[in-house]
Amino acid sequence: MPELPEVEAYRRQAESVLGLSITGVDAPDAWYLKGGIDAAEVDAALVGRRFDAARRRGKMLLLDTRRGPTLGLRFGMTGRLVVDGVPGVDRLIYSSDRDRPEWNRFAVSFPVGRSLVVRDPRRLGGVYLDPDEARLGPDALSLTLAQLRHALAGSEAPLKARLMDQARIAGVGNLIADEALWRAGLDPARPAGSLTDAETRRLARVLRRTLDDLLADGGSHTGDLMVARTPGGRCPKDGAPLVRRTIGGRTTWSCPRHQR
DNA sequence: ATTGTGGCCTGCCCGC
DNA sequence: TGCGGGCAGGCCACAA
């Protein structure tokens with residue numbers, strides 16, 4: 001699914017349309033427009049302008065227009081960005097690799113047939129105008145130790161739930177949370193506030209390293225734990241049978257032996 | 001405020 | 001072979 005690494009790939013791809021004049025907007029799916037906006041409003045807000053920056057905060061892609069509104073794109077679990085007909089990510093786990101026109105939920109067109117399209121079979125993503133960026137916490141990729149401490153401090157919620165809370169840390173999804181906690185040797189169910197200082201430091205370091213690795217390897221599904229995230233799966237580190245639980249409302253795989 | 005739960009979206013996979 | 005149920009998870013609304 002698109003977590004931070006996928007959306008970062010989308011962001012880089014979107015940079016190729018910066019500076020082009022927006023000639024049209026196609027928003028055939030009203031459900032996909034969020035925050036009470038409609039197709040006419042998006043059209044009026046964008047046509048005639050140009051994007052001049054492609055930013056990312058967590059899992060949201062932000063396209064700023066020059067002296068105008070910002071377009072926010074969320075991809076949910078199954079959304080792809082398709083720029084000039086080329087998908088930004090080859091393989092998307094839990095989505096479909098097929099290409100059906102009716103899955104194009106939102107499109108921006110530029111001269112000479114160029115385009116930026118959100119293709120999302122399951123319609124879990126959405127399009128925003130001037131999204132409230134303050135609702136997202138600091139980006140996971142540039143998270144400092146102090147920010148991680150602040151995000152976890154004093155909380156009785158499960159560690160994993162806190163990591164995935166986009167208002168506190170933006171960009172960590174289910175697969176990356178499992179991978180990072182597995183690498184860090186921390187039990188996802190532990191109260192977030194129960195980490196010692198050494199454990200918090202370790203988690204900050206491992207989370208950063210995990211994101212770097214997944215960015216380099218091309219996606220959130222390329223983690224080392226991923227191969228074992230299946231019934232009967234064993235820990236790639238020590239061979240113990242993995243445990244499958246629901247934590248923070250999400251399917252969670254962890255190793256009972258080395259994750260404490 | 002904090003934490004947990006249920007529902008939404010729909011393609012896909014498994015078992016009958 | 002077709003069909004139906006369950007599953008996937010990001011996000012939001014809502015409840016306690």
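Order of the sequence lines sets the chain letters (A, B, ...), proteins ahead of strands, with each chain counted from 1.
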Earlier contact from the 5' end, DNA chain C, for A:Lys59 and A:Arg244: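 On the 5' side of the pair lies A:Arg244.
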Could you give the [atom1]-to-[atom2] distance, from [X] to [N], as a whole number of Å?
X        : N      : atom1 : atom2 : value
A:Asn104 : B:dT10 : CG    : C1'   : 16 Å
A:Arg74  : B:dC9  : CZ    : P     : 14 Å
A:Ile169 : C:dC11 : CD1   : P     : 14 Å
A:Asp120 : C:dA8  : CG    : P     : 19 Å
A:Arg119 : B:dT10 : CZ    : P     : 17 Å
A:Arg122 : B:dC12 : CZ    : P     : 7 Å
A:Met77  : C:dC11 : CE    : P     : 12 Å
A:Glu3   : C:dG9  : CD    : C1'   : 9 Å

Under 4.0 Å from any atom of DNA chain B, heavy atoms only: list the residues of residues 123-150 of chain A that qualify, in numerical order. A:Arg123, A:Leu124
Salt-bridge test for A:Arg119 and A:Glu102: reply yes if a basic N is under 4.0 Å from a carboxylate O, no otherwise. no
May I ask you to say whether A:Glu6 pairs ionically with A:Arg11, meaning some side-chain N is under 4.0 Å from a carboxylate O? no
Can a side chain N or O of [X] be found less than 4.0 Å away from OP1 or OP2 on [N]?
X        : N      : result
A:Trp103 : B:dG11 : yes
A:Arg229 : C:dG9  : yes
A:Thr78  : B:dG11 : no

Going by side chain to side chain donor-acceptor pair (under 3.5 Å), name the residues that satisfy it together with A:Arg205, two or more places apart in sequence or in a different chain.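 Checked A:Arg205 against side chain to side chain donor-acceptor pair (under 3.5 Å); zero matches.
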Residues A:Ile169 and A:Val172: closest non-hydrogen pair is CG2-CG2, 4.2 Å
Of all residues at least two apart in sequence or in a different chain, which pass the side-chain contact (heavy atoms from CB on, under 4.5 Å) check with A:Thr65? A:Leu46, A:Arg49, A:Phe51, A:Pro69
Side-chain polar contacts of residues 17-28 of chain A - donor-acceptor pairs under 3.5 angstrom, sequence neighbours left out - could you list them?
residue, atom, partner, partner atom, Å
A:Thr23, OG1, A:Ser109, O, 3.0

Do A:Val108 and A:Tyr32 sit in one hydrophobic cluster, given that two such residues count as connected whenever their side-chain heavy atoms are within less than 4.5 Å of each other, even indirectly? yes
Show me the pairs that pass side chain to side chain donor-acceptor pair (under 3.5 Å) and involve residues 144-160 of chain A, at least two apart or across chains. A:Thr144-A:Gln147, A:Arg149-A:Asp197, A:Ser155-A:Arg162, A:Lys160-A:Asn174, A:Lys160-A:Asp178, A:Lys160-A:Thr252
Is the CZ atom of A:Arg245 crowded by more than 12 outside heavy atoms at less than 6.0 Å? yes
Under 3.5 Å, N/O pairs linking protein and nucleotides 1-5 of chain B:
residue, atom, partner, partner atom, Å
B:dT2, OP2, A:Arg168, NH2, 3.4
B:dT3, OP1, A:Ser155, OG, 3.1
B:dT3, OP1, A:Glu156, N, 2.8
B:dT3, OP1, A:Ala157, N, 3.3
B:dT3, OP2, A:Ser155, OG, 3.3
B:dT3, OP2, A:Arg162, NH1, 2.5

